[in-house]
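Below is one structure, written out as structure tokens; the observations come after it.
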There are 2 protein chains.
Amino acid sequence: MEQKQKSELTKQVILNESFKLFYRNGFKTTSIDKIMKATNLTKGAFYYHYKNKKELGVEVISSKIQKRVYDGMITPLYQDGNALEILEDTFSRRLKSFSLFDKQHGCPMNNFINEIADEEEAYQIALKRIIEEWKAALIHLIERGKKENTINKKYANNAIAIYLISAFEGIRGIRKLYNDDDILDDYILGLQLYIDQLKA
Amino acid sequence: MEQKQKSELTKQVILNESFKLFYRNGFKTTSIDKIMKATNLTKGAFYYHYKNKKELGVEVISSKIQKRVYDGMITPLYQDGNALEILEDTFSRRLKSFSLFDKQHGCPMNNFINEIADEEEAYQIALKRIIEEWKAALIHLIERGKKENTINKKYANNAIAIYLISAFEGIRGIRKLYNDDDILDDYILGLQLYIDQLKA
DNA sequence: CAAAAAACATACTAACTAGTATTTTTTATA
DNA sequence: TATAAAAAATACTAGTTAGTATGTTTTTTG
């Protein structure tokens, strides 16, 4: 294989295994040794490609986690159709579609936010970027809904977007505490109620 | 001093310093050594009073954190007055009243939930107990609001309670990513909008 | 006041940690 | 195909970790 491609592939392997272990066991308790054991490579390979663990953390956030949020929560917002229905569908269907593992381990982004965001500005910046993109996509959709007269114009776009995101991230954490999905059903009802009153 | 009292005092000192360090630096990265350095006691004292770090973690949750949530978010719900006003006041005023430190470090309970809840059932149970108490207090208040005809009877108590809690915990994390309170203002607007439509 | 129990201190272990220094292997290129 | 550069392996360091074993001091109690 060509060298550049192989090098890039190694980085991807490290990123993939890192993401999986961070998600399963948390950032701080996942050591470089454990990651490299999972890749079947050695520490030499790691420190050839990454300066330190912090740099890896930032890259996991800005590539793996960013993509995850993008695919699951942002891209669907750009579909055609009734804006309110898209909102409700995205925020509730996504929740229902999570695997048991994903329900038990919560949102990788939210885990990072609450485990390490207050420790390093680099993490903050990378995580904020995702939230800002998500927020922007929501505002765009809400704006469209207003133009098409399906969303009531009297409510601030920012406020709706942030309240939706907050509640979603909040419930992703709270669900960890339970052994069934009843709490998710409560959330979804609360969400529907919220979206209902945004109607024009 | 009487022995029992002194022993209890030592435990409280350890709990207080533990909570502070867990809140500032996270659970996993706070070692027993660091905690005992902060108390000016030694490891011998720690392992005389606690079986291991896990037992300490559970006790920090079920005493310090429980009390914090109780004082800040639950007790206010039992005040006299218009139920909706109490709801809005509790969820927004509390947010505004946080110190800069508390804004930067988020909610201690939410940090625990997202850092370690999925690792040990004992943590889950202790944390769930707090959420359940909070939820019950909210439901009680909403129920009263319905009886007094200030809250619309058509919405499910559970759903309202969980959506409020979720959004609050969510924004406590997200605020960590920012350097000012704009995002909190967005949240508060979103909250007001939510509460408005609960009116009877 | 002596013995026993409680409370704490000291010294240690074995495992794990991030990161470095050095060597070997693989690949590209002249 | 020889040489250089890239990629990865090996071996190491110095510090940290939870937890233990064994002391010493303090307090209680008979």
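All values derive from a computational prediction rather than experimental measurement. Proteins get letters first, then strands, A, B, ... in listed order; numbering begins at 1 in each.
A donor-acceptor contact closer than 3.5 angstrom is absent between the side chains of A:Gln124 and A:Glu119. There is a side-chain donor-acceptor pair under 3.5 Å between A:Asn157 and A:Glu143. Using modelled atom types and a 3.5 Å distance limit, the side chains of B:Asn16 and B:Lys64 yield a donor-acceptor pair. In the model, A:Glu132 has a side-chain atom that pairs as donor or acceptor with a side-chain atom of B:Tyr178 under 3.5 Å.
If you measure from atom CG of B:Asp33 to atom P of C:dC12, you get 15 Å, rounded to the nearest angstrom. In this structure, B:Leu56 atom CG and D:dA18 atom P are separated by 10 Å, rounded to whole Å. Rounded to whole Å, the distance from CD1 on A:Ile32 to P on D:dA9 is 15 Å.
For B:Tyr163 and A:Tyr187, the distance between ring centers is under 6.0 angstrom.
Rounding to the nearest 0.5 Å gives a distance of 9.0 Å between OG of A:Ser166 and CG of B:Asp186.
Within residues 39-50 of chain B, the residues approaching DNA chain D are B:Lys43, B:Tyr47, by heavy-atom distance under 4.0 Å. Interface residues of residues 11-27 of chain A facing DNA chain D, ordered by number: none; criterion, heavy-atom separation under 4.0 Å.
Phosphate proximity of D:dA7 to A:Thr10: absent, as no side-chain N or O sits under 4.0 Å from OP1 or OP2. Here A:Lys34 reaches the OP1 or OP2 of C:dT17: one of its side-chain N or O atoms lies under 4.0 Å away.
Between A:Lys103 and A:Asp181, the shortest heavy-atom contact is NZ-OD2, 2.8 Å.
For the pair A:Lys51 and A:Thr29, nearest-nucleotide mapping onto DNA chain C gives the more 5' position to A:Thr29. If you find the closest nucleotide of DNA chain C to A:Lys28 and to B:Met36, the one lying nearer the 5' end belongs to B:Met36.
Note that B:Lys11 lies in the cation-pi zone of B:Tyr50, set by a 6.0 Å cut-off to the ring centre and a 45° limit from the axis.
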